[in-house]
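Encoded as C-alpha cells, the structure appears first; notes follow it.
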Amino acid sequence: MPKRYWLMKCEPAAYTIDDLARDARTSWEGVRNYQARNFMRDLMQEGDGVLFYASNADPSGVTGLATIAKAGYPDPFAWKKGHKYFDTAGTRDTPAWYMVDVGFVERFPSTVSLETLKATKGLERMMVTQKGSRLSVQPVTKAEYEVVRRLGRGQVRKT
DNA sequence: GCCAACGTTGGC
DNA sequence: GCCAACGTTGGC
C-alpha cells in the first residue's frame, strides 16, 4: 500500500506533541467514531505521515509531525467495563473499535494555526479547514502534508 | 462558557 | 426509514 497522510486531533489537556516527544511513541486508543475507525482499521499503515493537531487549544492548529508506528489493531479499552472508553458495541472476539500506535517525528517551533491553514493556498480543500469538521482522524493529501510541513518549519511566509 | 454543527439514538 | 431529541466536538 502506498504511503498515506493523515491529520490526527488531540486536545492538549489529554496529550500534546511535547508529550509525544518525551514518550517517542504512544497508543491512540479511545476513538469512537466509525469513519475514523475505518481509516485506522483499513487504511493506516506503518510509516504513514501524520499531522499532529491540537484541538481546543490556544491557538488550535498543527503542532508537529508524527508517523504511524503500528497499523490498526483492536482497542482493548472498548471492552474494559467501567473504563471511560468502554463501549457496548463489539466484543473481544468481534471488535468494533480499533486503534493505532503513533511515533514522534518533529515538533514545530510554533503552532501552524487553523487560521493560517485556512489562509494558505493549497489547503482550501483540506478537511480541517472546512466548517463543522469534527472528525478526529482525517485523511490529507501528500501535497497538503508537504505544505503544512513547510509552514511548520517556517520555510514559507505565513498567509 | 457559549453554541453551531454534527453523529447517534430511539420512538413511531 | 424518518426525524426529533440528545450528547459531543471544537472554534471562538
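Throughout, a chain's letter reflects where its sequence line sits, starting with A, and its residues are numbered from 1. As the structure is a computational prediction, the values presented were derived from the model and not from experiment.
Between the side chains of A/Ser27 and A/Glu29, at least one donor N or O sits under 3.5 Å from an acceptor N or O. A donor and an acceptor atom, one from each side chain of A/Glu124 and A/Thr129, are nowhere located under 3.5 Å apart.
Classified by interplanar angle (parallel below 30°, tilted 30° to 60°, perpendicular above 60°), the ring pair A/Tyr85/A/Phe77 is perpendicular. Between A/Tyr15 and A/Trp28, the ring-plane angle classifies as perpendicular under the 30° and 60° cut-offs.
Scored by the salt bridge (Lys or Arg N to Asp or Glu O under 4.0 Å) test, A/Arg107 finds A/Asp18 as partners (sequence neighbours excluded). For A/Ala57, the side-chain contact (heavy atoms from CB on, under 4.5 Å) test picks out A/Pro12, A/Ala54, A/Ser60, with sequence neighbours left out. Applying the salt bridge (Lys or Arg N to Asp or Glu O under 4.0 Å) criterion to A/Glu146, with sequence neighbours excluded, gives A/Lys142, A/Arg149.
Within the structure, salt bridge (charged side-chain N to carboxylate O under 4.0 Å, His left out) pairs that include any residue of residues 61-76 of chain A comprise A/Arg32-A/Asp75 (at least two apart or interchain).
A rotation axis mapping the C1' atoms of four pairs onto the next four is fitted at both ends of the helix from B/dG1-C/dC12 to B/dC12-C/dG1 over five pairs, and the angle between these axes is 10° to 10 degrees.
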Nucleotides 3-12 of chain C: protein proximity per nucleotide (B base, S sugar-phosphate only, - neither; heavy atom, under 4.0 Å): ----BBBBBS
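Mapping A/Arg32 and A/Lys131 onto DNA chain B by nearest heavy atom places A/Lys131 closer to the 5' end of the strand.
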